[in-house]
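Here the structure comes first, spelled out in structure tokens, and everything after it is commentary.
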Amino acid sequence: MAHLFRDLSLGHSKRESTPLPLQTKPRMLPSKLTSTDLQSPLGQLASQLTDSDLRLTAYDVFLAVCRTSSSKPLSSSASASASASNSDSLGYNSPSQNNNHSPNSPALQRSLTSAAASKMKKAFGLKSPGSKKSPGSGPGSGEGKSKRPTTVGELMRIQMRIPETVDSRVRRALLRIGGGLVGRRIESVVLPLELLQQLKQSDFTDQQEYDAWQKRNLKVLEAGLLLHPRVSLDKSNNASQRLRQIIHAALDRPIETGKNNESMQVLRSAVMSLASRSDGSFSDSCHWADGIPLNLRLYEMLLETCFDINDETSIVEEVDELMEHIKKTWVVLGINQMLHNLCFTWVLFHRFVATGQVEMDLLYAADGQLAEVAKDAKATKDPDYSKILSSTLTSVLGWAEKRLLAYHDTFDSGNIYTMQGIVSLGVSAAKILVEDVSTEYRRKRKGEVDVARNRIDTYIRSSLRTAFAQRMEKADSSRRASKNQPNPLPVLAILAKDVGELAVHETKVFSPILKGWHPLAAGIAVATLHSCYANEIKQFISGIMELTPDAVQVLRAADKLEKDLVQIAVEDAVDSEDGGKAIIREMPPYEAETAIANLVKGWIKTRLDRLKEWVDRNLQQEVWNPQANQEGYAPSAVEILRIIDETLDAFFQLPIPTHPALLPDLMAGLDKCLQNYVMKAKSGCGTRSTYIPTMPALTRCEIGSKFQGVWKKKEKSQNSQKRNSQVATMNGDNSFGIPQLCVRINTFHCIRSEMDVLEKRIITHLRNCESAHVEDFSNGLSKKFELTPSACVEGVQLLSEAVAYKIVFHDLSHVLWDGLYVGEPSSSRIDPLLQELERNLLIISETVHERVRTRIITDIMKASCDGFLLVLLAGGPSRAFSRQDSQIIEDDFKALKDLFWANGDGLPADLIDKFSSTVRGVLPLFRTDSESLIERFRRVTLETYGSSARSRLPLPPTSGQWNPTEPNTLLRVLCYRNDETASKFLKKTYNLPKKL
């Protein structure tokens, strides 16, 4: 066989070849294919071989097997004589044709570039590159003048993007190898091993290129003999362990590969020991590249060369000749016709995907090749083949179903033509998987499973569910976008319209294609849409507790959609065996009309009951936070007013003719709900009397007692305990703090103001109501809320007093009741009280609505005056006043009034005078001498009780209505008069004690 590896490089023409300069580093030229998310199902290699490594190795195998097939050059008729001398070039002959043919024989006169139309392309309907550049005219064919390949070998080099320097080097090595292979076939050679021995560092441009080349071949040996061997390895195999050690060492440090080199001899011994193991075929073949998946990946690289590198969607013109030579690698790679069919199916399919899914010829060719795969699958049960078959078909089916399970997202008017091919491919793959791979299918009778129909059914239902979900999201977005527009449609009404349009689009665009596999494609589609919408509409109906305009719109839209969908299903099933009954059974009615009729009943009662529950629940949760909003209202009040407003709007939008007649019932119910809110909001807040302390029993001053301070301290403690017990219900609950009470007052004022707004709005609604008459809205008195306004006024009044007296008698008790004038009046004056009052007035001003602010401040002034008098007239034994203290008292009271006047910015002067008149009437008594007070007391007591009081003056009861002419007021001034005359009078007349 030495004559097969002579001087001329394989497939090269001396006349036209222009090799790269020797010192130019070869480079692998990039492919224009786009990356895909498809991983090769032919198997992933455990070694670190790149696609470039696999391509180079595949080319080595191709050259080796074709060099041994006695091929001749293929030249055009125009240059036949010029090419006659290239008798050793790669030709179109099979390995069995070892005799030398005449260069002028008909078989050798066929030009690669003008060959007759390919049988393969005819069979698959594949297109040729046409007028585009032919292989070799672009980059990769060497430098200098562009040329067309004249031989299959040159065509393969260009197609595999192999630089000429690499090609020439491999050819030289093969020529050297040929001298030692006389009488042996190429399949008995371990090609990487021979190449390692034949090529030296001097054959490469530099050491780096040589090291990379050596490592690649060692990795190929590792992959073919250790990682993916044809014949399984025994773990105890010494040769495998030795080879693994050699390869791993060589990957770190290149080995010497001379023929007589010891390391090379050890490598050869280990390699041949492993490669020569029999697979039971009784042949002398070496098994180094025929283990799965290495062989399949190498073969995949070779099959990829059938596509034109300048038009990667087209098959080269010379595909028949190219394929014939590619098949010669079967003996080395362990490929058979079944594996070829499967690999070629994958390559065609992957090329369709990688080139943008636009060349339908590729898809149809892959589908056609699947027919051959289906025949193979039925003819063999080889487990290795079945595994690759399952992996490949699963990958194809997964890709197809990713598009078909949501085909509305995948296909449109621009690419709908691809859908039929993808459906056909997916169904074909599914049929093989189910019928020939699945064990479950074999247990069933064939007639029980219609794979194609089942898959199409799945695709339709899945895609339409996805499309429905998208339409629903779109409808929701549309609703949000149109919320500021007048009368925006409810989401489900929008959805019903969109689903109807989707159904029409489905029957016009997709159903005609899918009917080829499922006769009821349109019926399945509308039944799916009906079911999807049914889930939403039934949930909607079950959630409606009242009839609203939106509900009516939705239910009417649902009714129309249902009729349209049923009509499509009936028309689609007119020729079916059951007349479409099975499809119709999948479409139980929505009963929208019945729902509309039922919802009208009890509309008002339902709304009012829900509002009452809402009031009770939200008042329990309300914290009356002043920072809840800018206005200082309770959020619950804002919400209840919003609900009432919405309820009235919804009421007037109801499609009923009796708005005026039902309005009084609705208004009465709303009025009661609001009144209930106000009553519950003010309950538990206390009143004026809640905070006023109990007056201590009357005593008289003990003049100059050294125990006076002790009694004062004890009295202070007792009074504090009494007062604390009276307001115990207020403590520990910050919802009754001053800011919180102010929020309640603001809230009542807000509700009262909104009542007028609501009443005017109701009149406007009536004017715009088609069913109303003039008399229905002309009488405005009958359209008013009666209970809530008075409840709000009463609530503001009650809480305003509660706030005032709580501040004065509870919050400021430490500076009023426990501090003012206790002990020596001159050292316990009113300044601390004024400071605290001013701080509280500031809080009130910032918290309370301006329309009720004056009222509360006025009540605080009244409470302050009451507190001031209570300290003077019922302050207990800890206080005592002399006539000289009267000026201090009068000055302090003036300071108190000035606080509320605030230099003209506070309360009006006439209002201050009005509510301070009682204090002004009583204060002169503190300046009056004791004898005059006693005389005045005797006189008014006799005037009050008549002659019965002459013998003994009765003790006048405490009325709390202080007045300079009232006996109890005069008596109390004497009780707190710090002089001997008053004390003796009280001792003699009433025997009052000096302490409690």
Side-chain angles (χ1 to χ4, degrees), residues 693-720 722-723 809 813-833 865-896 918-919 921-937 955-956 958 960 962 964 966-996:
T694 304
M695 295 186 194
L698 292 174
T699 59
R700 58 192 175 91
C701 286
E702 184 173 2
I703 308 304
S705 173
K706 62 181 179 180
F707 299 109
Q708 184 178 357
V710 176
W711 301 131
K712 287 177 183 177
K713 186 173 182 181
K714 184 177 179 182
E715 173 66 18
K716 175 180 175 181
S717 175
Q718 290 174 345
N719 285 345
S720 296
K722 290 180 182 178
R723 186 166 55 257
F809 289 98
S813 63
H814 61 289
V815 289
L816 174 69
W817 194 250
D818 297 336
L820 184 61
Y821 303 145
V822 170
E824 184 62 40
S826 61
S827 60
S828 54
R829 296 185 62 175
I830 204 169
D831 292 338
L833 173 63
C865 291
D866 287 352
F868 192 73
L869 280 178
L870 205 63
V871 165
L872 296 177
L873 301 176
S878 61
R879 291 178 173 88
F881 305 99
S882 66
R883 286 182 63 193
Q884 290 74 23
D885 294 331
S886 63
Q887 188 60 47
I888 291 174
I889 295 172
E890 289 175 4
D891 290 344
D892 283 353
F893 182 61
K894 182 179 184 301
L896 179 63
T918 302
V919 182
V922 171
L923 286 185
L925 297 177
F926 287 84
R927 195 183 303 117
T928 306
D929 60 85
S930 298
E931 292 80 1
S932 299
L933 285 174
I934 293 170
E935 185 57 34
R936 187 184 301 183
F937 172 72
L955 185 67
T958 301
W962 312 124
E966 192 258 338
N968 187 263
T969 303
L970 293 167
L971 179 63
R972 286 180 175 275
V973 173
L974 288 170
C975 285
Y976 293 98
R977 177 58 60 87
N978 188 9
D979 68 13
E980 193 70 29
T981 303
S983 181
K984 287 182 177 179
F985 170 75
L986 295 173
K987 170 69 176 175
K988 179 180 178 181
T989 307
Y990 298 113
N991 196 27
L992 292 181
K994 293 183 179 180
K995 60 184 178 181
L996 291 174

Stepwise side chain to side chain contact (heavy atoms under 4.5 Å, CB included) test for Leu872 and Tyr976: CA-CA 8 Å; Leu872 296 177; Tyr976 293 98; over 6 Å; no

With sequence neighbours excluded, tell me which residues meet side chain to side chain contact (heavy atoms under 4.5 Å, CB included) with [X].
| X | value |
| --- | --- |
| Asp891 | Arg829, Gln887 |
| Thr989 | Leu953, Phe985 |
| Thr981 | Ser930, Glu931, Ile934, Asp979 |

Full working for side chain to side chain contact (heavy atoms under 4.5 Å, CB included) between Trp817 and Val871: CA-CA 7 Å; Trp817 194 250; Val871 165; 4.2 Å; yes

Flag, side chain of Ser828 to backbone of Val822, donor-acceptor distance under 3.5 Å: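 Checked: pair present.
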
Exam field: side chain Asp885 to backbone Ile888, donor-acceptor pair closer than 3.5 Å: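 Checking the backbone N and O of Ile888 against the side chain of Asp885, no donor-acceptor pair under 3.5 Å is found.
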
CG-OG1 distance between Leu986 and Thr699, expressed to the nearest 0.5 angstrom: 9.0 Å

Atom of Pro696, atom of Ala874 and distance for their closest heavy-atom approach: CD-O, 3.3 Å

Heavy-atom closest contact (Asn978 atom, Ser882 atom, distance): CB-N, 4.2 Å

Distance-only polar pair, side chains of Tyr821 and Asp892, donor-acceptor under 3.5 Å: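 Yes, a side-chain donor-acceptor pair sits under 3.5 Å.
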
Derivation and outcome, side chain to side chain contact (heavy atoms under 4.5 Å, CB included), residues Arg972 and Thr958: CA-CA 9 Å; Arg972 286 180 175 275; Thr958 301; 2.9 Å; yes

Close side-chain approach of Arg977 and Arg883, heavy atoms under 4.5 Å: yes

